[in-house]
Amino acid sequence: MKMQQKTGTNCWMGVIAKLVMVGVMLAVPARGAGLLIADGGFGGVLEIVEHDVDVTINNGVAVTRVIQVFKNTENRQVEALYTFPVPKGASVANFSMWINGKEMVGEVLEKERAREIYNSYKQKRRDPGLLEQVDYKTFELRIFPINAGAEQKVEISYYQELDVDHDRVTYVYPLATVTRKGIDSRTTGKFAININAKSAIPIVEIDSPSHGDEFVIARHSAQYTQASLESASGSLARDVVVSYQTSRAKTGLDVITSNQSGEDGYFYMTLTVGEDLAKLDRGMDYVFILDVSGSMANDGKLLISKDSLSAFVDQLSDEDRFEVMTFNVQPTTLFTGLRNAIEAEKTAAKNFMASQRAKGGTVLAPAVTTAYKYSDPDRVLNVVILSDGMTEQRERTELIRLINASPANARVFCIGVGNEVNRPLLEQIAQDSGGLAAFISRGDNLSRQAQAFRRKLMRPVATGLALEFKGVRVYDVVPKVMPNLYHGSPIRVCGRYSGSGEVKVSLKGDVQGVALSKSASLTFSEKDPDNPEIERMWAWHRIDQLKKTADRSGSRNAVIPEIIQLGQDYSIVTEYTSFLVLENDAEFRRWKIDRRNMRRIDRDREAQERVRKGLDEIRKRAVADLGPRAEAKVQKIAQAPRTVPTVNRPAMPRPSSAAPRPVRSRGFDFDMPGTGPVGPLFIGVIMWLKSLRRKKKA
């Protein structure tokens, strides 16, 4: 494969030092594709020769590795503009470029220092390579030079925790965004995405709502399924969505740890409630707020929002009441009062939505204020906002204050559709009101998403939750204040720990006025090198928490030093830190830049290789009985004398030394007749609820 060529020492002394100046906020909404276009006054045509995506999902934690190769089809040098976004909740683990045939791994520095180093190269040659934050959702890298007919190879990898609803896990590789008009978003060469999904709970179904039969599905075992798509040329204009369902509800407490010998460890804990809590038997009130501002015309957002809202309305029962409101610079109501969700009113709502056009500015606060007026103290009020969150900057502080002043019976839910949405704002609005934020890809199944949303609201919510740890010192826990726990929507908690051994975890909270107090024992490992990705995930969540807390007060000045330090220590790009790629290791030494990220990447790749070897072993076992030898084996068994087996139990695969240890320790699942698997954390809740029902009937 032909890589970018060197054109002379005088021209490129340190200039091919591909400076990647990043000012990127990873908490912002973003995409996962990446496009390289000729820009910067040089013109030219660049083809996407190859776009290769490899994904490993290990019990809900995904590692995505993207390799792209671009070719300059001009007979002259061009400057290129590279845009690369990442999806919701992802932490970029690495950015590499191939220079003179060698992979150069980037390092994260404080932004001003990175700019100083960049400027020293820029004086020798124009714009050697600059990546800057364009806005809250986009960053751009300028690469110069890409020589005539040459190819440029880049790699980006990121870690993320996947969206889980009850027993369904969804992975989205966001492609459906073009940062500039007129960009050809097709590959001329191979487009491939390979997804390896591994789960401790058996996978019973996997599909792609976005690409359907274009994916080949291989079920290598009950715990490991592979989905693969490959084409000679592929469109990069629509999201890739893959969703899989496990065989039963997940209820209880799960934990992953990462601990390098001699250091404090990291833990990543998931608290999930499934079907344990009985379905509520009363109606609720809904006010749907649809954003019809001008920004919703982009990327088909308004059309998809209308379809999503129609799907949500269809899920309402006759006992529910609802109102539909649109807004741009002012709100407009349909009914001016709550109406029962009968078919005639649902039809009226759909006709009202169909007539809407995207125009005007975005001012959300008046719409939220109007929605609060529908509050009935005897019923739960669910305010559901479908918006891209592109509200005016000056309004955001007032909007957050307004959310915190909501009626006691009101919860705000934010739904963002597509990739061009202000995820941080929508997440903060929902979190501060005790609700949830959801983001729907254009390639997803809208009806299934609406059913999942409705299912969350039809069961009790555990509120006022708090976790306590005893036995090992636990610190820097994120989030500091736990959100409400909804049916099928797990709460993720991560933090640091010092020491090792058994840890008693106590959970306290409230379920419909009934006190919840349960405890369980977990083990925090002394040495666990197999899950290094959760270290960056903890740091990313810590940075996100620092920013959101500061934004509520109106100033980030007090937290910027800690954000910079976390960014440098864990190689995470933010508005205050930048990724820097230099031509060779000698240049890093010249600037006294510690190769922290390179060491971390080496360690992460070793752990990922162990996982891949384990999956290879499963694939080998899956095909071991295929072919003529297998047929002879079957005939031999058929001719043998029959015996009555004492137990009809499927054989378990023999462990392999190459197989990875299970990364998730599920501690607390119990089988209860008629209810499915139930964790001890919620057994008491079930008994309390049944007791309350008996008392009410008496």
Side-chain angles (χ1 to χ4, degrees), residues 32 54-65 86-91 93 157-173 195-208 221-227 240-258 266-274 436 438-439 441 444 449 452 456 478 483 485-495 522 528 530-538 540-541 604 607-608 611-612 614-615 618 660-669 677 679:
D54 185 75
V55 184
T56 300
I57 303 172
N58 205 342
N59 292 278
V61 178
V63 176
T64 301
R65 182 185 181 197
V86 294
K88 168 199 170 190
S91 172
S157 59
Y158 54 84
Y159 307 148
Q160 67 186 120
E161 51 196 19
L162 299 184
D163 288 336
V164 179
D165 178 69
H166 184 39
D167 53 0
R168 181 167 288 276
V169 181
T170 300
Y171 174 85
V172 179
Y173 184 66
I195 300 175
N196 294 292
K198 182 175 180 292
S199 174
I201 300 174
I203 299 172
V204 295
E205 178 187 74
I206 184 169
D207 60 56
S208 172
S221 75
Q223 282 75 31
Y224 170 34
T225 299
Q226 184 178 10
V240 176
V241 182
V242 172
S243 177
Y244 64 88
Q245 186 172 2
T246 53
S247 64
R248 57 181 172 80
K250 298 191 296 183
T251 301
L253 202 60
D254 305 336
V255 65
I256 304 172
T257 60
S258 178
Y266 302 77
F267 70 88
Y268 178 83
M269 185 179 296
T270 306
L271 175 64
T272 311
V273 58
L436 294 170
F439 301 93
S441 165
D444 211 339
Q449 289 282 5
K456 289 181 176 68
V478 182
L485 179 61
Y486 287 86
H487 165 74
S489 184
I491 293 177
R492 292 165 169 129
V493 180
C494 50
L522 301 173
D528 188 349
D530 290 338
N531 312 303
E533 58 268 18
I534 70 172
E535 300 179 12
R536 270 198 181 96
M537 292 171 65
W538 167 81
W540 183 89
H541 280 292
D604 288 7
Q608 292 158 15
V611 171
R612 280 191 288 270
L615 297 181
I618 296 175
R661 296 188 298 127
V663 301
R664 183 161 297 195
S665 165
R666 288 199 55 82
F668 313 104
D669 287 350

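Note: hydrogens, waters and symmetry copies are ignored here, and every other heavy atom, side chains too, is used.
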### Query
Can you name the nearest heavy-atom pair linking Val241 to Ser208, along with the distance?
O-OG, 2.8 Å

With a 4.5 Å heavy-atom cut-off, do [X] and [Y] have their side chains touching?
{"X": "Asp207", "Y": "Gln245", "value": "no"}
{"X": "Tyr244", "Y": "Thr170", "value": "no"}
{"X": "His541", "Y": "Glu161", "value": "yes"}
{"X": "Val478", "Y": "Val493", "value": "no"}
{"X": "Tyr268", "Y": "Val255", "value": "no"}
{"X": "Leu615", "Y": "Lys198", "value": "yes"}
{"X": "Asn196", "Y": "Ile57", "value": "no"}
{"X": "Met537", "Y": "Val61", "value": "yes"}

Give, for atom [atom1] of [X] and atom [atom2] of [Y], the distance between the pair rounded to the nearest 0.5 Å.
{"X": "Tyr224", "Y": "Ile618", "atom1": "OH", "atom2": "CD1", "answer": "7.0 Å"}
{"X": "Phe267", "Y": "Leu522", "atom1": "CZ", "atom2": "CG", "answer": "9.5 Å"}
{"X": "Arg536", "Y": "Tyr266", "atom1": "CZ", "atom2": "OH", "answer": "11.0 Å"}
{"X": "Ile206", "Y": "Thr225", "atom1": "CD1", "atom2": "OG1", "answer": "5.5 Å"}
{"X": "Ile203", "Y": "Gln226", "atom1": "CD1", "atom2": "CD", "answer": "11.5 Å"}
{"X": "Leu271", "Y": "Arg492", "atom1": "CG", "atom2": "CZ", "answer": "11.5 Å"}

Strictly by modelled atom types, are [X] and [Y] linked by a side-chain donor-acceptor pair under 3.5 Å?
{"X": "Ser243", "Y": "Arg168", "answer": "yes"}
{"X": "Asp528", "Y": "Ser258", "answer": "no"}
{"X": "Gln223", "Y": "Ser199", "answer": "no"}
{"X": "Tyr171", "Y": "Gln160", "answer": "no"}

### Message
Between Asn531 and Thr257 (side chain of the first, backbone of the second, donor and acceptor by atom type, cut-off under 3.5 Å), is there such a pair?
### Response
yes

### side chain to side chain donor-acceptor pair (under 3.5 Å) involving Gln608 - partner list, sequence neighbours excluded
Tyr159

#### Entry: CA sep, side-chain torsions, deciding dist, call: Val611, Asn58, side-chain contact (heavy atoms from CB on, under 4.5 Å)
CA-CA 9 Å; Val611 171; Asn58 205 342; 3.9 Å; yes

### Task
With sequence neighbours excluded, tell me which residues meet salt bridge (charged side-chain N to carboxylate O under 4.0 Å, His left out) with Asp54.
none

